[in-house]
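A short write-up of the structure that comes next.
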Amino acid sequence: MRAGRLLGLAALLLLGALAALSVVVLQPPAPAPVDAPAGEFSAGRAFEHVQQIAAGTHVTGSAANDRVRSYLVDTLTELGLQTRVQDAVGADPGDPGRVEMARVRNVVAVLPGTDPTGRLFLVAHHDSVETGPGGNDDAAGVSSVLETVRALREGPRLRNDVVVVLTDAEEACLCGAEAFADSDPLAADGGVVLNLEARGTGGPPIMFETARGNAGLAGVYAGAAPHPVATSFAVEVYRALPNDTDFSPLLGAGFTGLNTAYIDGSAAYHTPEDTPDRMDRGSLQAMGDNTLALTRALGADDLGALADPASGDAVYFPVLGGLLRYPGWLVWPVAGLAVVAVGALAVVTRRRTGTSLRRSLAGFGLAVVPVVLAPLAAQAAWALLVAVRPGYAGLIDPWRPGWYRLGVVALVVAVLLVWYALVRRRVGADALAVGALGWLAVLGVVLAAAAPGGSYLTAVPALGAALAGVVGLLATPAWARPLAGLVAGAVAVLVLAPTIALFFPALGLATGAAPALFAVLLGLVLLPVLEPLFGSAGAGRASRAVVPGVAVLLTLALFGTGLAVDRFDAAHPAPTQLMYALDADTGDAWWISTEDDPVAWTAAYLDGHQDLSETFPVLAGDLATGGAEPADLPAPTLTTTATDLGDGRREVTVQVQSWRAARLLVLDVTGARVTGATVAGRDVPADVLGEDRLSVTFHAPPEAGVAATFVVEGGGPVTVRALDGSDGLADLPGFTPRPEDVGVAGTHTSDLLLVATSRVM
Ligand SMILES: [Zn+2]
C-alpha cells in the first residue's frame with residue numbers, strides 16, 4: 001500500500017507540475033530593450049512614451065491633458081502620419097432622465113493602405129482619472145499604439161488603412177469614443193477595432209471582449225498573437241460585470257474587433273499609485289507584441305469578411321502557451337457528449353467494479369457538498385480578512401494577493417479532502433468519482449444554455465475524464481486504470497488551471513468564490529488520483545486524517561503569511577473615498593462618503609446618513625455625511641431665460657460658467673417634462689428625454705462655460721440647479737491630510753468638491 005501511496009503522490013506531483021506550467025506560460029515575456037531591432041516592438045522604447053504621458057494626472061479638460069495631446073500629435077506627425085485633433089461633444093446616455101456628456105479632443109491619425117478592404121482602428125484613451133496619473137490606464141495602451149505605429153513604418157506599407165484613435169474622456173463617460181463613432185468621417189463605414197486597456201499594473205494582456213460573431217477574428221488572434229491569452233468565457237463574464245471601456249460605444253455603433261487589457265495589480269487601478277514605475281514592462285511588451293502582430297495580420301487581411309458577425313462565435317481557451325479553438329456550434333454537441341460519456345462511465349463502472357448505479361447517484365448527490373462549500377469558504381475567508389483588516393473593504397484585490405490566492409486554492413483542497421475523507425468509505429471511491437464527474441457534465445449543459453463560451457470549462461474535462469475512465473476500466477492491464485486517472489487529470493488541469501489563475505486577478509479575492517468553484521470542479525476530476533493517498537481500506541483513522549490535515553494546516557499557514565506580507569503602508573495605502581459639497585444658496589456644507597464602513601480617517605468627518613440627491617443631483621441616495629464648515633468658494637454663474645412656445649411648452653435657455661476651473665458641470669432641470677435638450681451644441685440623445693427631470697453631467701467644460709437649451713412641457717415652475725465639481729480637498733477648512741497608509745479610492749468621486757446653486761422660473 002505504501003507503493004500505492006507513493007505512486008499516487010507521484011501522479012499528483014506530475015499534475016501539479018502541469019498546472020504550474022499551464023499558469024507560468026501565461027506570464028508576459030521579458031521587456032525588449034530600447035535598442036531592439038527597429039521592426040520589432042520594444043517595451044523599452046514604449047516606456048519612454050509612458051513616462052511622458054503619465055508624468056502627472058491628466059484628466060480630460062485639464063492643462064496637463066492639453067500637454068499630453070500635443071505630445072501625441074507631435075509624435076504621430078513625426079512618424080509621418082496624417083494627424084489631426086477631433087474636437088467634438090460626446091454623450092453617454094444613462095438611465096432615463098440622465099446623461100453624461102463631455103467636450104472631447106481625440107487624436108486621430110491615418111496610415112493609408114495600398115489597396116484597402118476596410119479600416120483597422122488602433123484605439124486607446126489618452127486621458128487619466130482625476131486622482132491619478134494613469135501610468136498603466138491607459139498610458140500602456142497609448143504607448144503600445146505609438147510604438148506599434150513606429151515599428152510598422154519600418155516595414156512595407158499594409159494593404160488596409162490603419163487609423164490611430166487616441167480618445168479623450170474615456171474615464172469620464174466613454175465620450176471620446178462615442179464622439180468619434182458619432183461624428184468623425186473616418187468612422188462612417190465602421191471597421192475592426194483593437195482596443196487596449198489596463199485595469200492594473202501587470203499580468204498577461206487578456207483578450208477579454210469581442211464583437212458578436214467572433215470566429216473570424218478569434219482565428220486571426222490565435223494565429224497571429226505571439227502571446228495569446230484569451231478565453232471565450234471572459235466574454236461572458238465581462239458582459240455580466242458593470243465595467244465599460246471605449247469598446248462599448250464602438251460596438252454599439254457597429255464596429256467589430258477585439259478588446260485587450262492586463263488586469264493584475266488592480267489595487268493601484270484609478271488611484272494616485274497607478275504610476276509608470278509600477279508598470280510590469282513585460283505586460284507592456286506582451287501587449288505591444290500582440291498589437292503589432294495583429295495589426296500586420298489584419299492589415300493584410302480581407303477586413304470585409306472578418307467584420308461579418310454571421311460567422312458565429314468561437315470557443316477558445318489557453319492551453320500551454322497556445323490558444324485551443326473550436327466553432328461555437330460544437331458547444332451543445334460537446335456538452336451532450338459529456339453527459340452521455342459520464343452515463344456510459346457509470347454503466348461500465350457498475351459492470352467492472354460492482355458499484356451500483358444507486359451508489360453512483362449517491363456520489364453525485366454528495367459531490368454537491370464541496371461544489372457549494374468551497375466557494376462559500378472562499379467568500380468567508382475574504383470576509384474574515386476584511387474583519388481583521390478593515391482597509392480591505394475598499395479593494396477588490398489586495399496589493400499583494402499572491403499568498404492569499406494560494407491560500408484560497410489550499411482552502412478548496414482542504415474542503416474537498418475533508419469531505420472526501422468523510423464519505424469515501426461509505427459510498428466508495430468509484431461511485432464518488434463517477435458521481436463527481438456528473439456535476440461537471442451537468443454544469444457543461446447549464447453553461448451551454450447560459451454562457452456558451454464557458455461550457456468548455458466543465459464539459460471538456462467531463463468528456464475527457466469519462467472517456468479515459470471507460471477505456472481504463474475496459475482495458476486489461478493493471479496500470480490502465482491509474483493511467484486513465486492521470487490522463488483525465490491532465491485534461492482537466494490543462495483546461496481549468498489557466499482559467500482559475502486568470503479568475504483571481506479578474507474578479508479579485510473579494511469574489512474568490514469564482515476561482516474556488518472551478519478549482520473544486522478540477523479537484524473532483526482528480527478524485528481517482530487522490531484516492532491512493534488515503535491508503536488501504538483497512539488504514540487507521542489517523543492515517544486517513546493525515547492528508548486533509550496537511551491541507552488545513554497549509555491553508556492556515558498561507559493566509560497567515562498573506563496577512564504578514566500584505567500590510568498597508570505609504571506605497572500600499574488603504575483606499576478611502578471622501579468628498580465635500582457646498583450649497584451656495586443656503587451656505588450649508590457637508591463631508592460625504594459613499595463607503596458604508598470607512599477607515600478611521602474618513603469616519604472622523606462623518607456623523608450620520610443623509611439623502612442629499614436633491615441638493616446635489618449627482619449623489620446617489622442615502623450616503624454617510626457629516627456637517628462641514630462652509631468654504632469661501634464662488635458658485636457657478638447661472639443665467640437663465642424662459643420663452644413661452646405655446647401649447648404649454650416653454651423653452652428654457654441656460655448659460656453656466658464655473659469660476660473654479662471645474663472639471664465638470666451639472667445642469668439639473670426639474671418641475672416639468674423635458675422633451676428636448678441641446679447642450680454645448682449637441683442634442684441630448686432622445687432615449688433619456690420625456691422624464692420630469694433631466695440631469696446633464698458635462699465633463700471638461702470650456703472656460704467660457706456651457707450653453708444649453710431645454711424644451712419643457714406642462715408642470716409648474718421649472719428649477720434649474722447647477723453644480724460645478726473640482727478635484728482636491730486640501731484647501732478646505734477642517735481638512736486634515738490623510739495618514740500615509742490611507743490612500744485615495746479609485747472611484748471617480750474621490751476628493752470631489754461640489755458647489756451648487758439654483759434658479760426657479
Ligand atoms: Zn482605462
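Because the structure is predicted, anything quoted here is derived from the model rather than measured.
- If you run side chain to side chain contact (heavy atoms under 4.5 Å, CB included) between Ser695 and each of Val618, Leu667, Val99, Asp668, only Asp668 comes through.
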Point to revise | Working for salt bridge (Lys or Arg N to Asp or Glu O under 4.0 Å), residues Asp727 and Arg663 | key: CA-CA 7 Å; Asp727 301 306; Arg663 163 170 69 82; 2.6 Å; yes
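- To the nearest 0.5 Å, atoms OG (Ser658) and CZ (Phe698) are separated by 13.0 Å.
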For residues 56-65, dump all side-chain donor-acceptor pairs below 3.5 Å to protein atoms at least two apart in sequence or in another chain.
| unit_1 | atom_1 | unit_2 | atom_2 | d |
| --- | --- | --- | --- | --- |
| Thr57 | OG1 | Gly132 | O | 3.4 |
| His58 | ND1 | Ile53 | O | 3.3 |
| His58 | ND1 | Gly56 | O | 2.8 |
| His58 | NE2 | His126 | O | 3.1 |
| Thr60 | OG1 | Asp168 | OD1 | 3.0 |
| Thr60 | OG1 | Asp168 | OD2 | 3.4 |
| Ser62 | OG | Val59 | O | 2.6 |
| Ser62 | OG | Asn65 | N | 3.1 |
| Asn65 | OD1 | Arg69 | NH1 | 3.3 |
| Asn65 | ND2 | His58 | O | 3.1 |

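- Considering only heavy atoms from C-beta on, Leu507 stays 4.5 Å or farther from Ile396 through its side chain.
- No donor-acceptor distance shorter than 3.5 angstrom exists from the side chain of Asp647 to the backbone of Arg649, with no hydrogens or angles considered.
- No side-chain heavy atom of Phe710 sits under 4.5 Å from any side-chain heavy atom of Val720.
- For the atom pair CD (Glu713) and CG (Leu645), the distance works out to 9.5 Å, reported to the nearest 0.5 Å.
- Ring planes of Phe121 and Phe255: perpendicular class, angle over 60° (limits at 30 and 60°).
- Judged purely by distance below 3.5 Å, without hydrogens or angles, the side chains of Tyr605 and Thr736 pair a donor atom with an acceptor atom.
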Review point. Thr576 and Glu595: side chain to side chain donor-acceptor pair (under 3.5 Å), yes or no, with the steps?
Key: CA-CA 8 Å; Thr576 190; Glu595 291 171 346; 2.7 Å; yes
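- One finds no salt bridge joining Arg199 and Asp274 here, because no Lys/Arg side-chain nitrogen approaches an Asp/Glu carboxylate oxygen to under 4.0 Å.
- In this structure, a donor-acceptor pair under 3.5 Å is absent between the side chains of Thr637 and Gln657.
- No side-chain heavy atom of Arg673 sits less than 4.5 Å from a side-chain heavy atom of Val712.
- Each of Thr260, Thr167, Asn259, Asp138 was evaluated against Thr245; a single residue qualifies, Asn259, per the side-chain hydrogen bond (donor to acceptor under 3.5 Å, both in side chains) test.
- Rounding to the nearest 0.5 Å places CG of Asp313 at 4.0 Å from CG of Asn214.
- The 12-atom threshold is exceeded at CG of Asp687, counting heavy atoms of other residues, nucleotides or ligands nearer than 6.0 Å.
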Practice item. Could you check His699 against Glu171 for side chain to side chain donor-acceptor pair (under 3.5 Å), going step by step and ending with a plain yes or no? Key: CA-CA 10 Å; His699 302 268; Glu171 300 292 359; over 6 Å; no
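- At a cut-off of 3.5 Å, with distance as the only test, no side-chain donor of Thr639 or Gln655 sits close to an acceptor on the other residue.
- Between Leu606 and Pro598, some side-chain heavy-atom pair lies under the 4.5 Å cut-off.
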Practice item. Start with the C-alpha gap between Thr709 and Thr678, add the side-chain angles, then the distance that decides, and say whether side chain to side chain donor-acceptor pair (under 3.5 Å) holds. Key: CA-CA 5 Å; Thr709 309; Thr678 307; 5.5 Å; no
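- A donor and an acceptor atom, one from each side chain of Glu197 and His125, are located under 3.5 Å apart.
- A 6.0 Å sphere centred on CG of Asp632 holds no more than 12 heavy atoms belonging to other residues, nucleotides or ligands.
- Of the possible donor and acceptor atoms, one in the side chain of Thr77 sits under 3.5 Å from a partner among the backbone N and O of Val73.
- The backbone N or O of Val89 sits nowhere less than 3.5 Å from a side-chain atom of Arg103 that would complete a donor-acceptor pair.
- To the nearest 0.5 Å, atoms CZ (Phe735) and CD (Glu629) are separated by 14.0 Å.
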Point to revise | Candidate pair Leu174 and Glu170, rule side-chain contact (heavy atoms from CB on, under 4.5 Å), full reasoning | key: CA-CA 4 Å; Leu174 317 173; Glu170 191 272 352; 3.6 Å; yes
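- The closest side-chain donor-acceptor pair between Tyr262 and Asn136 falls under 3.5 angstrom.
- For the atom pair Leu578 CG and Arg738 CZ, the distance stands at 7.0 Å (nearest 0.5 Å).
- The CG atom of Leu395 sits 9.5 Å away from the OG1 atom of Thr271 when rounded to the nearest 0.5 Å.
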Can you give me every donor-acceptor pair (side chain of residues 752-761, partner residue at least two apart or in another chain, under 3.5 Å) with its distance?
| unit_1 | atom_1 | unit_2 | atom_2 | d |
| --- | --- | --- | --- | --- |
| Thr757 | OG1 | Asp585 | OD1 | 2.7 |
| Ser758 | OG | Asp585 | OD2 | 2.9 |
| Ser758 | OG | Arg721 | NH1 | 3.0 |
| Arg759 | NE | Leu638 | O | 3.3 |
| Arg759 | NH2 | Leu638 | O | 3.4 |

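- Residues satisfying the salt bridge (charged side-chain N to carboxylate O under 4.0 Å, His left out) criterion with Glu651, sequence neighbours excluded, are absent altogether.
- Side-chain atoms of Thr641 and Thr653 include a donor-acceptor pair closer than 3.5 Å.
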